[in-house]
Amino acid sequence: MHNDSSLALKSTASVAEVVELPLAVQLKPLKICLLGYRSHPFSGGQGIYIKYLSKALVDAGHEVDVISGQPYPEVDPRVRLIKLSSLNLYENGLFSLRPRHLSSMSNVIEWMSKLTGGFAEPQTFGRRVVKYLKQHGRDYDIIHDNQCLSFGMLKLQKLGFPLVTTVHHPVTQDLDLALNAATGLRQRALIQRWHSFVYMQRYVIQRLKHLVTVSEGSRGDIAKAFDLQPSSIDLVYCGIDTEEFIPRPDITRLPMRIMATASADQPLKGLRYLLEAVHQLAPRYPELELLVVGKPKAGGDTEKLIERLNIADRLTFVSGISTEELVQHYARATIAVVPSLYEGFGLPAGEAMSCGVPLVSTSAGALPEVVGDAGIQVEPGNADALAAAIDELLTNEALRDSLGQAGRERIEQKFCWHLAAEQMVKFYQRVLVS
């Protein structure tokens, strides 16, 4: 499947340009506050979004603060990081609670939710942010929430703060896929409980005034999931840091190395289908190996599947690596694979393309918008199709070379962070004069 999103990109940019803004608004550097309840890049795409959007906004001449809960983000030295500490129970555990923590209602909510299998970090981060911004936040031109979608965001809006919210994709997608992959009633109940914050998000998102998302696919899915009009959601594509994610011709590719960046135990990322594809290809390619940037849960479904397929000797998992190390891994890979069942944007696809690695991806979510004709796309959840696409690239060096070059060019022209920051600032400006 090959879909080119250039028309969508052009129309998105033109929306931001047709509104006549006062010259003072156009020229004024903005003081921007980005919010992230959990923002380390290794926590997922939201952390990557915070890291690179804040840097691109500073590059464009704006002043940026990031307010984040734990685990904290990596930010450019020019970006001020304001840390809002939490109990961080998913790293520290339930037994980290101390009597002094009980003086905070946010701490009590966080601990009780974790005790009963819930996930309260978005809600409690929102409470802490309201408290902080009421004291220190009146100097910001814009407050930009990165998918917290908590009751606190409605309070900020009610208090008159100029608030915009990025929604990457509806978490209902994660919930549905996790439930479909569940193996029993108990597991389904635990999944439902953990995702109970979705009900808060539904209530909040329907009452926020200024929403923006990262792809046309996400815009349609968000509107459908939360009973919104697509026209009420603006669109600014994510970017890829084309100065960090670069081809490395000085590094030799390993001829039988394929690579994927995927949260190993999240059904949404579709790693199981790639593992099954590797199992299919193994007899034909005895030297085939798969590098996965991610970490499987000990004794989890991914480890059990690897054991059942008997492919452990072909797999390497790496985690907690730097961006430079990630780029080096891409440089050594002959093929990158994105086997996701859903992507609100598809940062791993964009990063691989920016590094000039020939790409196989599914056609799930927004991936057709990002990949276009610069990669081979197959239907999601189909191990046979993944295996066939990987096989085609392994046997066709000319196609690998052309796709690698086309991928780099597509990211440079359509998905760099400088373009994303430019369009985001236009969105901010429209909000400020509305």
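What you see is a predicted model, and the numbers here were worked out from it, not measured in a lab.
- Aromatic ring pairs are classed by plane angle as parallel below 30°, tilted from 30° to 60° and perpendicular above 60°; the pair F197 and H195 is parallel.
- For the pair E392 and T395, the tightest heavy-atom approach, listed with the atom from each and the gap, is O-OG1, 3.1 Å.
- Remark: I240 CD1 to E412 CD distance equals 12.0 Å, nearest 0.5 Å.
- Side chains of I246 and R408 form a contact here, defined as non-hydrogen atoms less than 4.5 Å apart.
- A352 and L359 make their closest contact through CB-CD1, 4.4 Å (heavy atoms, listed as atom of the first residue, atom of the second, distance).
- Side-chain polar atoms of Y49 and Q147 form no donor-acceptor pair below 3.5 angstrom.
- Not a single salt bridge (Lys or Arg N to Asp or Glu O under 4.0 Å) links E409 to another residue, sequence neighbours left out.
- Counting all heavy atoms, side chain and backbone alike, L34 lies closest to S54 at CD1-CB, 3.7 Å.
- In this structure R127 satisfies the salt bridge (Lys or Arg N to Asp or Glu O under 4.0 Å) test with no other residue, sequence neighbours excluded.
- Expressed to the nearest 0.5 Å, how far OH of Y132 lies from CD1 of I82 amounts to 3.5 Å.
- In summary, E422 and K426 engage in a salt bridge, as defined by a charged side-chain N under 4.0 Å from a carboxylate O.
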Between T116 and R193, does a side-chain hydrogen bond (donor to acceptor under 3.5 Å, both in side chains) hold up when you go through it step by step? CA-CA 8 Å; T116 58; R193 170 57 183 143; 2.6 Å; yes
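- Remark: D65 engages R80 in a salt bridge (Lys or Arg N to Asp or Glu O under 4.0 Å) (not counting sequence neighbours).
- Residues passing the side chain to side chain donor-acceptor pair (under 3.5 Å) test with R253, sequence neighbours excluded: none.
- Salt bridge D59/R78: present, at least one basic N to carboxylate O contact under 4.0 Å.
- Residues that satisfy the side chain to side chain donor-acceptor pair (under 3.5 Å) test with Q70, not counting sequence neighbours, are S86.
- When all heavy atoms of Y37 and C148 are compared, the closest pair comes out as CD2-CA, 3.8 Å.
- For the pair E369 and K414, the minimum side-chain heavy-atom distance is 4.5 Å or more.
- One side chain, H168 or N146, offers a donor N or O that lies under 3.5 Å from an acceptor on the other.
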Run the side-chain donor-acceptor check on residues 383-391: report pairs under 3.5 Å with partners two or more places apart or on a different chain.
from : atom 1 : to   : atom 2 : distance (Å)
D384 : OD1    : Q280 : NE2    : 2.6
D391 : OD1    : R284 : NH1    : 2.9
D391 : OD1    : Y285 : OH     : 2.4
D391 : OD2    : R284 : NH1    : 2.8

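- The aromatic rings of W417 and Y52 lie parallel to each other, their planes meeting at an angle below 30°, with 60° marking the opposite boundary.
- Partners of Q187 under the side chain to side chain donor-acceptor pair (under 3.5 Å) rule, at least two apart in sequence or in another chain, are T183.
- For residues 303-321, no residue pair satisfies the salt bridge (Lys or Arg N to Asp or Glu O under 4.0 Å) rule, not counting sequence neighbours.
- Between E216 and L235, the closest side-chain pair of non-hydrogen atoms falls below 4.5 Å.
- Note that CD1 of I67 is 13.5 Å distant from NE2 of H144, once rounded to the nearest 0.5 Å.
- With salt bridges taken as basic N to acidic carboxylate O contacts below 4.0 Å, none links K55 and E244.
- Screening residues 319-341 for salt bridge (Lys or Arg N to Asp or Glu O under 4.0 Å), with sequence neighbours left out, gives R248-E324.
- Using a 4.5 Å cut-off on side-chain heavy atoms (C-beta onward), L290 and V292 make contact.
- With sequence neighbours excluded, no residue satisfies salt bridge (Lys or Arg N to Asp or Glu O under 4.0 Å) with D221.
- From R128, atom CZ reaches atom OG of S150 across 11.0 Å, with rounding to the nearest 0.5 Å.
- With salt bridges taken as basic N to acidic carboxylate O contacts below 4.0 Å, one links D234 and R430.
- For residues 329-379, the ring-ring contact (aromatic ring centres under 6.0 Å, His included) pairs, not counting sequence neighbours, are H169-Y342, F345-F415.
- Dense packing is recorded around NZ of K31, with more than 12 heavy atoms of other residues, nucleotides or ligands lying under 6.0 Å away.
- Residues V370 and Y237 have side chains not in contact (no heavy-atom distance under 4.5 Å, counting atoms from C-beta outward).
- Take S340 and apply the side chain to side chain donor-acceptor pair (under 3.5 Å) test, not counting sequence neighbours, and it matches E343.
- When all heavy atoms of V66 and P73 are compared, the closest pair comes out as CG1-CG, 4.0 Å.
- Put simply, NE2 on H62 and CG on L57 are 6.5 Å apart, with the number rounded to the nearest 0.5 Å.
- The two residues A260 and L274 make their nearest non-hydrogen contact at CB-CD2, 3.6 Å.
- If you take CG on L163 and OH on Y140, they are separated by 13.5 Å, rounding to the nearest 0.5 Å.
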